[in-house]
Amino acid sequence: MSDPKQAIMDQVRQQAALSNARALIEKVNEHCFERCVPKPGSSLSSAETTCYTHCMEKYMASWNTVSRQYLGHVQQGVQGQAAFGAF
Amino acid sequence: MDSSITLGGSPGADLTKLSDREKQELQQFVVNESQKARIQQSIHSLTDICFRKCITAKMSSGKLDRTEEPCMQNCVDRFMDANMTVLRQLEQMRTQM
């Protein structure tokens, strides 16, 4: 018999992870399409694909840097943090 | 953007059969997860903004070079300073009304 509490917790965590991944992919596509495919042709050139790969890696590196910096502030308990959540 | 946490009805998860303590644990869990989701959302927004400001050159590599990395860090710090300024100013405007 499965633990209903655990099932709910797992489901919530799963949804949160999915939501996070979706947001990340959406942003990567938005930025990298803008940067790497200025004039859409009949196919993606190898230069465009390489640019896309670099851009994606750069975006994830940026996400990690921002995450580290932001969590540093959160842990210090910056005042007005609750208001920032309304951003 | 979808940042809400929904408790779906998974088959076999009968919430009424949970003890009071389990219900409380679940409530605390949801509060924690909601806060985590809000933080994730903020990080996404900040990354969006700071990427546009700091990554201006061509995509020659997948790493942040020695100007881009500090720029991202400064961007976060300055944004939070700016946010504090807004709140302080709002408070000032509120008391002057």
Side-chain angles (χ1 to χ4, degrees), chain A residues 1-20 22-24 26-28 30-32 34-36 47-48 50-74 76 78-87, chain B residues 1-8 10-15 17-19 22-23 25-26 29-30 33-52 54-55 58-65 68-70 72-77 79-80 83-84 86-88 90:
Chain A
M1 191 66 187
S2 64
D3 178 5
K5 186 187 82 164
Q6 195 58 45
I8 290 169
M9 287 168 75
D10 288 344
Q11 191 191 9
V12 170
R13 277 197 210 99
Q14 212 173 12
Q15 261 183 289
L18 262 170
S19 183
N20 190 43
R22 221 184 294 130
L24 191 63
E26 186 184 303
K27 283 297 163 191
V28 164
E30 193 183 298
H31 284 277
C32 298
E34 180 74 34
R35 296 299 187 94
C36 295
E48 287 171 336
T50 308
C51 172
Y52 231 89
T53 309
H54 288 163
C55 176
M56 202 174 93
E57 286 171 11
K58 253 204 193 2
Y59 195 84
M60 303 219 176
S62 303
W63 199 94
N64 286 330
T65 302
V66 168
S67 176
R68 244 178 282 125
Q69 202 71 15
Y70 184 72
L71 289 174
H73 281 277
V74 166
Q76 279 166 28
V78 177
Q79 263 190 332
Q81 201 57 46
F84 187 74
F87 173 79
Chain B
M1 232 183 269
D2 182 354
S3 61
S4 60
I5 307 282
T6 51
L7 286 182
S10 49
D14 190 351
L15 285 169
K17 293 218 179 76
L18 291 177
S19 68
E22 280 187 312
K23 281 189 190 148
E25 282 173 12
L26 211 49
F29 171 76
V30 170
E33 284 298 309
S34 295
Q35 190 188 44
K36 269 198 257 174
R38 268 197 303 278
I39 289 174
Q40 293 276 52
Q41 183 77 327
S42 295
I43 292 172
H44 279 302
S45 297
L46 268 175
T47 307
D48 189 1
I49 291 168
C50 297
F51 191 84
R52 198 166 286 130
C54 291
I55 317 292
K58 276 174 141 313
M59 302 285 172
S60 48
S61 88
K63 293 189 167 54
L64 297 177
D65 67 35
E68 289 167 337
E69 173 94 21
M72 294 299 293
Q73 290 167 331
N74 288 338
C75 181
V76 175
D77 291 345
F79 187 91
M80 304 198 68
N83 190 58
M84 277 309 300
V86 169
L87 295 174
R88 246 181 270 125
L90 272 173

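Not measured: the values here are computed from a predicted model. Letters go in sequence order (proteins before strands), and every chain restarts at 1.
Distance OG/B:S42 to NE2/A:H73: 12.5 Å, rounded to 0.5 Å. Rounding to the nearest 0.5 Å places CG of B:D48 at 3.5 Å from NZ of A:K27. In this structure, the separation between CE on B:M80 and CD on A:Q76 is 9.5 Å, given to the nearest 0.5 Å. Rounded to the nearest 0.5 Å, atoms CZ (A:R22) and NE2 (B:H44) are 10.5 Å apart.
Annotation for B:K23: atom NZ counts as buried by contact number, over 12 foreign heavy atoms lying within 6.0 Å. Counted within 6.0 Å of CD on A:E34, heavy atoms from surrounding residues, nucleotides or ligands total 12 or fewer; the atom is thus considered open.
Here the shortest heavy-atom pairing between B:S60 and A:H54 reads O-CE1, 3.1 Å. The nearest pair of heavy atoms linking A:A16 to B:E33 is CB-OE1, 4.2 Å. For the residue pair A:K58 and B:S61, the shortest heavy atom distance occurs at NZ-O, 3.4 Å. The two residues B:M72 and A:S62 come nearest to each other via the heavy atoms CE-CB, 3.4 Å. Shortest non-hydrogen contact noted between A:C36 and B:M59 is SG-CG, 4.4 Å. Smallest separation of non-hydrogen atoms from B:I43 and A:S67: CD1-OG, 3.7 Å.
With a 4.5 Å cut-off on side-chain heavy atoms, A:R35 and B:I55 count as touching. At least one side-chain heavy atom of B:E22 sits under 4.5 Å from a side-chain heavy atom of A:D3.
Note on A:T53, A:L24, A:T65: by heavy-atom pairs under 4.5 Å with chain B, the leading option is A:T65.
Heavy-atom distances place no part of B:Q35 under 4.5 Å from chain A, backbone and side chain included. Heavy atoms closer than 4.5 Å to chain B are found in both the backbone and the side chain of A:Y59. Contacts of A:Q6 with chain B are absent, with no heavy-atom separation under 4.5 Å from either backbone or side chain.
Using bins of under 30°, 30° to 60° and over 60° for the plane-to-plane angle, the ring pair B:F51/A:H31 lands in the perpendicular bin.
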